[in-house]
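A note on names: the letters A, B, ... follow the listed sequences, proteins ahead of strands, and every chain is numbered from 1.
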Amino acid sequence: MEPLQTTIKTLINTPIQIKSKSQAKQIHAQIIKTLPTFTSNLLSIYSKLNLLQESITLFNTLHSPSIHNWKSIIKCYTSNAYFLESLNCFVKMRAMGIYPDHNVFPSVLKSCTQLMFFKFGESVHGSVIRVGLEFDVFTGNALLSMYSKSLRFSAHQVFDESPERKTVVQNGQNERVLKHDNNTNNNFKSYNEVSYNCRNPSTLNQMSNQDQGNVQMQNVRKVFETMPERDVVSYNTLILGYAQNSMYDEAMMTIREMGDAKLKPDAFTLSNVLPIVAEYMDVWKGKEIHGYGIRHGFERNGFIASGLIDVYANCKMVEDSYRLFCSLPEKDCVSWCSMIAACVQNGLFDEGLRLFRQMLRANIKPVPISFSSVIPACAHLTTLPLGQQLHGYIIRHRFDDNVFISSSLVNMYAKCGNIKLAKCVFNRMKQRDLVSWTAMIMGCASHGYAHDAIVLFKQMEMEDLRPNSVAFVAVLTACSHAGMVNDGLTFFNQMVKHYKITPEFEHYACMADLLGRAGKLDDAFGLICSMPENKTGSVWLPLLAACRVHKNVELAEKVVEQINEFDSDNVGAYVLLSNIYFSVGRYKDAANVRRMLSKNMNKKEPACSWIRIGEKVHAFIAGDESHPNYDCIINALDILFGHIEKEYLITCE
DNA sequence: TTAGGGTTAG
């Protein structure tokens, strides 16, 4: 044999030496010239190098691909996120009577998981059992991952009937081969329980999301326990399942079990568990993981870093988030977005926007998620011009189809006072979710369009969207602003009785405000007293304000007593009480309250308000006379108050 | 074969 041919054969047998596309192509050329029968061996090299186009071209030249060729092309499709093509190949391979081996199933199962083709995945599972690969650790891990994700996407029945899935099925002439026989294998029995629970909508509908998650994970756990061999990936997959179903104790327990099995947590383990640590605001556990990460050389891992940024931010330790962020030698889009979100969620809106500008200057291209934190920052700061600039960027980069972005734009325009643009964005949305509707309802409510808000709420219900507690806050706010007592009571009862939503602080506050404004002071008092907990000052203050309007001193005193019980430092309550005494001519009592306030209470932090005129923001603090146009402003206010008083007297007549 | 960030609250 020629020396060149020998070299090529050696290279093909030890493909690990071929590390680049150009090397692979050179060998390909030599094979075509000197060893054409070896062409198919090259496919595994292209596949290992993840060269999809080259793999497809070569695969298409093969007349009767071997199991190795099928394995290579399926793996290459899956690793390049061509999941549908991967499944199509699998079905074609089965139709040709070729049995898959342990290298094929993990890729196929991953494709099923990514496409949410869970029914199809179950049939692949049947195939796994038929070829006796149920104890293969890679295949077992892929099954664990698929089953633990199948509940999170419980709409899988819809996806399984999608046109893409039908194409996969039609391409396979012999799909029935994939169907499993669930009576043949004890090990399969526990897998089958998982599938049963995933598919039984009548059982699932009666359970809360958390309960569904618990049941699902109990079954995934059973699958895990039947695996004869488990590696770090098996544990990581189980931990991720627990984390995604908010099962904190179980996730932590599984990490301990990993130690018992002499397996060390790796970067995946840490980053899988961090979201749940953030959710539970367990700063000590976060610090423990941070320390472990540093000790084991994971401090530059972007996944762990963004998880830790979230943990610190959720624990209101945004400075620690920032320190960690700054220590990252390479910051990707996710680390920037995590840090921006950390600022915005902690009320540091200007800082969030500053970081966003810095991110653009660092040539990090924003993705749709990047805007989900900066638009709310504009909304909170009511900076319409900046919000509009961002909107322009979003349109130019065609991100305006994203439901998160559009919902926050609706909210931003409404908060910045432009309800017309808010409606325009809302009406142009191709898809709307509960948050989009709620943002629009709240926008209408805060602009005084109570009727529109109620119509939207009912339209939303007609679109089969189940309102949550925030949506009820929005519609109750609308009723409250428009003095629609009966509608408000109807919505409140509907929320409790029909939707089984337990009223929260905000609902009670809305209802107390609504009843108080309508003069139903005793009803409002009774409602707040019926609150099971959290009867802090701010839920009582609207009622106290109503007592002032309706000059009910007796009830105001009772309300202040109640506030004293839960929130004895509430300066606002005493200021209001003093004003009530003043308004009914009890000047001595008013003066006593004021005196008591100045003696015993800490000074209230002065409130700040601001207005943007053109490019300039004018800020005002209570008692501050420093504005250059102070006198003009006071004169204008006097004129306005005069008009209000006149209108009020006409209404009373 | 396993992993990240987001929208609505008088």
Side-chain angles (χ1 to χ4, degrees), chain A residues 75 78-79 102-103 105-110 113 136-146 148-149 231-241 243-244 266-275 278 301-310 313 332-342 344-345 367-376 379 402-412 414-415 433-443 445-446 467-474 476-481 504-514 517 538-539 541-542:
Chain A
K75 188 177 174 290
T78 305
S79 5
H102 67 282
N103 287 310
F105 284 118
S107 295
V108 172
L109 288 165
K110 182 182 177 174
T113 309
D136 172 64
V137 66
F138 277 47
T139 308
N141 289 343
L143 283 166
L144 269 184
S145 176
M146 184 182 79
S148 67
K149 286 189 174 72
D231 62 4
V232 178
V233 178
S234 328
Y235 281 90
N236 286 345
T237 310
L238 187 65
I239 291 163
L240 181 67
Q244 285 172 338
D266 65 1
F268 279 78
T269 323
L270 306 190
S271 70
N272 284 352
V273 84
L274 281 171
N301 182 299
F303 285 82
I304 298 177
S306 57
L308 282 168
I309 288 171
D310 269 4
D332 65 5
C333 187
V334 179
S335 3
W336 279 99
C337 293
S338 303
M339 193 57 235
I340 293 168
V344 175
Q345 281 158 11
V367 291
I369 289 181
S370 318
F371 293 93
S372 298
S373 294
V374 282
I375 301 167
N402 183 293
V403 72
F404 280 70
I405 289 184
S406 299
S407 304
S408 50
L409 282 172
V410 169
N411 178 54
M412 185 273 293
K415 287 257 167 63
D433 66 4
L434 180 61
V435 176
S436 344
W437 284 92
T438 306
M440 193 65 251
I441 294 166
M442 188 61 87
S446 56
N468 64 2
S469 84
V470 187
F472 273 103
V473 170
L476 290 175
T477 304
C479 297
S480 160
H481 283 189
E504 294 163 28
F505 176 88
E506 286 83 1
H507 305 109
Y508 283 108
C510 274
M511 288 309 292
D513 190 29
L514 172 64
R517 280 170 198 247
S538 42
V539 76
L541 287 181

Among B/dT1, B/dG4, B/dT7, the one nearest any side-chain atom of A/Ser306 is B/dG4
Starting at CG of A/Asn272 and ending at P of B/dG5, how long is that distance when rounded to a whole Å? 11 Å
Check every atom of B/dG5, B/dT8, B/dA9 against the side chain of A/Ile369 and return the nucleotide holding the closest atom. B/dG5
Rounded distance in Å - CE (A/Met339) to C1' (B/dG4): 16 Å
Rounded interatomic separation in angstrom, taking CG from A/Leu409 and P from B/dG6: 18 Å
Can you check whether A/Asn411 has a side-chain N or O nearer than 4.0 Å to OP1 or OP2 of B/dA9? yes
Is A/Ser145 reaching over with its side chain to a backbone N or O of A/Asn141, donor-acceptor style, under 3.5 angstrom? no
Selection from B/dT8, B/dG5, B/dG4 that lies nearest to any side-chain heavy atom of A/Asp310: B/dG5
Among B/dA9, B/dA3, B/dG5, the nucleotide that comes nearest once only the side chain of A/Phe303 is considered: B/dA3
So A/Val367, base contact, sugar-phosphate only, or nothing? Heavy-atom distance under 4.0 Å. base
Over all strands shown, is A/Ser271 touching base, sugar-phosphate only, or nothing at heavy-atom distances under 4.0 angstrom? base
Regarding the side chain of A/Val473, the nearest nucleotide among B/dT1, B/dA9, B/dG5 is B/dA9
So if I take every side-chain heavy atom of A/Val233 and compare against B/dG5, B/dA9, B/dT1, which nucleotide ends up nearest? B/dT1
Atom of A/Val539, atom of A/Pro542 and distance for their closest heavy-atom approach: O-CD, 3.6 Å
Nearest-nucleotide pick for A/Phe404, side chain only, options being B/dA3, B/dG6, B/dT1: B/dG6
Write down the distance between NZ (A/Lys110) and P (B/dT1), rounded to a whole number of angstrom. 6 Å
Does A/Asn103 reach a base, just sugar-phosphate, or nothing at all? Heavy atoms under 4.0 Å. nothing
Between B/dT8 (C1') and A/Glu504 (CD): distance, integer Å: 13 Å
Round to the nearest Å and state the distance from A/Leu274 atom CG to B/dG5 atom P. 11 Å
Could you tell me whether the side chain of A/Ser408 has a donor or acceptor atom within less than 3.5 Å of a complementary atom in the base of B/dT7? no
For A/Asp513, which residues count as a salt bridge (Lys or Arg N to Asp or Glu O under 4.0 Å) partner, sequence neighbours excluded? A/Arg517
Which nucleotide wins on minimum distance to the side chain of A/Asp332, given the candidates B/dT1, B/dG4, B/dT7? B/dG4
Partner set under ring-ring contact (aromatic ring centres under 6.0 Å, His included) for A/Tyr235, not counting sequence neighbours: A/Phe224
Between CD1 of A/Ile405 and C1' of B/dG5 the distance, given in whole Å, is 13 Å
What nucleotide among B/dA9, B/dT1, B/dT7 has an atom nearest to a side-chain atom of A/Glu506? B/dA9
Taking OP1 and OP2 of B/dG6, is either one under 4.0 Å from a side-chain nitrogen or oxygen of A/Gln345? yes
Any side-chain N or O of A/Gln244 below 4.0 angstrom from OP1/OP2 of B/dT2? no
N/O (side chain, A/Lys149) to phosphate O (OP1/OP2, B/dA3) under 4.0 Å: yes
Distance, rounded to the nearest Å, where A/Leu434 contributes CG and B/dT7 contributes C1': 11 Å
Evaluation steps, side chain to side chain contact (heavy atoms under 4.5 Å, CB included), between A/Val470 and A/Glu506: CA-CA 9 Å; A/Val470 187; A/Glu506 286 83 1; over 6 Å; no
Taking the minimum atom-to-atom distance to the side chain of A/Leu240, which one of B/dG6, B/dT2, B/dT8 wins? B/dT2
Check whether the side chains of A/Asn272 and A/Thr269 place a donor and an acceptor atom closer than 3.5 Å, and report yes or no. no
